[in-house]
Amino acid sequence: MSELLTKYDVIIIGSGVGGLTAGVTLQTLNPEMKTLILEQHNAPGGYISGFRRKGYYFDSGAEGLVLAGENQNFRKAINGLNINLEYLPIDPLEVLHYDDRTITMHADPDKYQQELIDNFPKSEEKIIKFFKTIKSLQKEYHSTVKEGLDPSFRELIKIIFTRPTMRKLALRSYKKFLDDSFDDPDLKKILGVYNLWYGVSPEETTAVAAVLSFFSPFYHGHYYPKGGMFAFAEGLANAFVNRGGEIQYRKRVAQIITKRRKAIGVRLKDGTEIHGKWIISNADLKRTILEYANLKKFPNAYLGKVIKKDQSVSGFGVFLGLDKELKGYPSHMAYNIDAEHHINNTLNGIFDPKEVLIRIPSKIDPGLLNDGKSSVILFSFAPYNWRNKWNKNNREKYEETKEEYADTMIKLAEKVIPDLSKHIALKLVATPLTFERFTLTSQGSWYGPKRGGLNLRFQPPLRRLKLAGSNIEGAGVPPSFYSGMKTAKYISKRFKPWQRTARVLFPMVSYWTNKLKMRVLTNPARFKMRD
């Protein structure tokens, strides 16, 4: 690890996908720039990462990438930064197990439509009409927004007012859209499964956002980086370093240093001060504004908006290493999922798991097997404040609570994978407090600020401080990726390399220029009254 300099052009707090993308973009556009990423953990990526324990590989959070297929927009954006990875298709997208039926979510809209018709024959006409509407909306949106997932305001207006399907659904919630389309509650439950991606109920999700996001994998595929999600984070980190950037791990920021309403650097937890011309925070929004920065530098109205922003849901995870390979199972499965009920319970502070999400990374990429043995990840949403923050003040009770719910999750998973508990060689358990400790997101939130309402802009009212990631663009890998690009391009346009060269070659120029300015400004003759 190299020694830290005392001054950089740009300092980035956090190596989540937004921070990494900002760094890669800056160094690609300005190879002479000195950019530093400070990461409090020992590896890059945040939730967009992975880890190994005793040879078993586990994804930390994100489980795939949309629009990452050949010639698709997100893939083009990644390749545009010369980050060339192999992406493996996820198919089926999910297999939903219920006590009375099993639904396979095929990575093909026609096959998925037929799967639903086979399971709900009385709703055949309604299902066909529903998918026809979805197909029209997908076509309208992607024919208008040619590049990226971040259309301009003008593009959005054009979409809404010139595209009939978009206009029809513009003011509806996804719940209203489902209620208007179907009568069968079980069918609506299945079509609302991907609300788990936002951590908000169908009632809080707009119909347009839901259709574009939740059905994109069926029309455009869902992809997994070869080598796991860590390979994606590592690819970004390596590209950043290879282009002249610097990453320092286990460096926790304690404060953003300000001067005259301008961010001028950061102070680390060990007291080290590092100065930079620009500061980008990919860290948690509330920590950035309410903890790291000087509150006196922000207008009360802005602070109020940050304080009122609720955090998204967190969760409970069980990471299992088995003594054998699981054969005959898909990579993505779920048992008894009712997204609306599950999300509302979590938001209301209730944790009584009756459902579980199951992930087996090696079923997509066999290279992730541990000497022929499988790893399994079990997930469920969970409230941060459950049982007085999981009995965190009593270590023994905290561990007992973890084990209690880990056993509950394993028993639920055995509804799909019988005898799972008999083959566990490694077990790791994560509560919302675990996610908070490893990512420093407030309340261990998985998606940053709760989705809904207007996002805050990437330019807070403090000069030279910019934001990136789910702080501003919402949950998901592509939105965070594009936000990093957006912030980096803004700074890049204002970066003048000759200024830094002048400082290096002529260090006294700035000093004497400022001296001359002060003489002029303080000259009494300047303020002499004139006739």
Side-chain angles (χ1 to χ4, degrees), residues 41-64 90 94 196 224-225 227-234 313-326 329-335 337 351 353 355-382 384 386 390 392 398-439 441 444-447:
H41 194 32
N42 61 6
Y47 283 123
I48 319 300
S49 190
F51 62 94
R52 286 187 181 274
R53 292 290 185 276
K54 296 184 179 181
Y56 292 101
Y57 173 81
F58 304 98
D59 291 313
S60 300
E63 58 194 46
I90 300 173
E94 195 93 42
L196 297 171
Y224 188 75
M229 291 305 299
F230 179 75
F232 181 72
E234 188 179 43
V313 295
S314 186
F316 188 88
V318 183
F319 303 85
L320 303 175
L322 306 185
D323 62 10
K324 69 170 189 175
E325 180 182 357
L326 287 178
Y329 293 97
S331 62
H332 287 51
M333 298 180 286
Y335 171 70
I337 288 294
F351 186 55
E355 58 286 301
V356 63
L357 293 166
I358 306 168
R359 303 292 180 252
I360 311 174
S362 60
K363 304 307 293 188
I364 315 170
D365 181 2
L368 297 177
L369 283 168
N370 178 23
D371 194 22
K373 293 172 283 191
S374 298
S375 56
V376 179
I377 307 166
L378 311 179
F379 278 132
S380 175
F381 286 151
Y384 179 75
W386 177 245
W390 296 82
K392 74 170 187 175
Y398 177 67
E399 293 299 329
E400 287 177 1
T401 304
K402 285 171 59 177
E403 288 302 314
E404 174 189 348
Y405 286 105
D407 289 343
T408 298
M409 298 274 283
I410 292 168
K411 288 177 182 176
L412 289 169
E414 286 187 312
K415 299 281 189 179
V416 179
I417 308 174
D419 298 328
L420 175 64
S421 59
K422 295 180 181 179
H423 298 281
I424 297 173
L426 172 71
K427 180 171 70 172
L428 304 170
V429 185
T431 69
L433 276 68
T434 313
F435 292 112
E436 182 180 48
R437 185 172 74 253
F438 279 100
T439 65
T441 55
S445 60
W446 281 358
Y447 310 120

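Atoms considered below: every heavy atom in the structure, side chains included; atoms not considered: hydrogens, waters and symmetry mates.
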To the closest 0.5 Å, what do you measure between [atom1] ([X]) and [atom2] ([Y])?
X      : Y      : atom1 : atom2 : answer
Glu234 : Met229 : CD    : CE    : 13.0 Å
Leu420 : Met409 : CG    : CE    : 11.5 Å
Lys324 : Lys422 : NZ    : NZ    : 10.0 Å
Ile48  : Thr439 : CD1   : OG1   : 11.0 Å
Trp446 : Thr441 : CH2   : OG1   : 11.0 Å
Asp365 : Tyr224 : CG    : OH    : 7.0 Å

Kindly give the heavy-atom pair with the smallest separation between [X] and [Y], and that separation in Å.
X      : Y      : answer
Ala413 : Val356 : N-CG1, 3.9 Å
Glu436 : Tyr384 : OE1-OH, 2.8 Å
Glu325 : Gly372 : CB-O, 3.0 Å
Ser60  : Phe51  : OG-CD2, 3.8 Å
Ile90  : Ser331 : CG2-OG, 3.9 Å
Leu369 : Ser362 : CD2-OG, 3.5 Å

More than 12 heavy atoms of other groups within 6.0 Å of Asp371 CG
no
More than 12 non-hydrogen atoms from neighbouring residues, nucleotides or ligands closer than 6.0 Å to NZ on Lys415, yes or no?
no
Are the side chain of Asp323 and the backbone N or O of Ala425 linked by a donor-acceptor pair below 3.5 Å?
no
Under the 3.5 angstrom rule, does the side chain of Arg359 hit a backbone N or O of Met333 as a donor-acceptor pair?
yes
Is there a side-chain contact between [X] and [Y] in this structure, where contact means two heavy atoms from C-beta onward sitting under 4.5 Å apart?
X      : Y      : answer
Asp407 : Lys427 : yes
Phe316 : Leu378 : no
Tyr405 : Trp390 : yes

Can Ser380 and Leu357 be said to form a side chain to side chain contact (heavy atoms under 4.5 Å, CB included), step by step?
CA-CA 6 Å; Ser380 175; Leu357 293 166; over 6 Å; no
Is there a side chain to side chain contact (heavy atoms under 4.5 Å, CB included) between His332 and Ile364? Walk through the geometry before answering.
CA-CA 9 Å; His332 287 51; Ile364 315 170; 3.8 Å; yes
With Leu322, which of Asn370, Ile360, Ile424 fulfils side chain to side chain contact (heavy atoms under 4.5 Å, CB included)?
Ile424
Per the side chain to side chain contact (heavy atoms under 4.5 Å, CB included) rule, which among Leu326, Ile410, Val318 passes with Val376?
Leu326
Verify the distance criterion only: is there a donor paired with an acceptor across the side chains of Tyr398 and Thr431 at less than 3.5 Å?
yes
Apply ring-ring contact (aromatic ring centres under 6.0 Å, His included) to the pair Phe230 and Tyr57, showing each step before the final yes or no.
CA-CA 10 Å; Phe230 179 75; Tyr57 173 81; 7.6 Å; no
Partners of Tyr56 by ring pair (Phe, Tyr, Trp, His ring centres under 6.0 Å), sequence neighbours excluded?
none
May I ask you to decide if the ring planes of Phe435 and Phe379 are parallel, tilted or perpendicular, using 30° and 60° as cut-offs?
tilted
Which class fits the ring pair Phe351 and Trp386: parallel under 30°, tilted 30 to 60°, perpendicular over 60°?
perpendicular
Determine, step by step, whether Lys411 and Glu414 satisfy the salt bridge (Lys or Arg N to Asp or Glu O under 4.0 Å) criterion, reporting the C-alpha distance in whole Å, the side-chain angles of both residues, the deciding distance to 0.1 Å, and the verdict.
CA-CA 5 Å; Lys411 288 177 182 176; Glu414 286 187 312; over 6 Å; no
Tell me, with the steps shown, if Leu368 and Ser375 meet side chain to side chain contact (heavy atoms under 4.5 Å, CB included).
CA-CA 8 Å; Leu368 297 177; Ser375 56; over 6 Å; no
Phe319 and Arg53: CA distance, side-chain angles, deciding distance, side chain to side chain contact (heavy atoms under 4.5 Å, CB included) verdict:
CA-CA 10 Å; Phe319 303 85; Arg53 292 290 185 276; over 6 Å; no
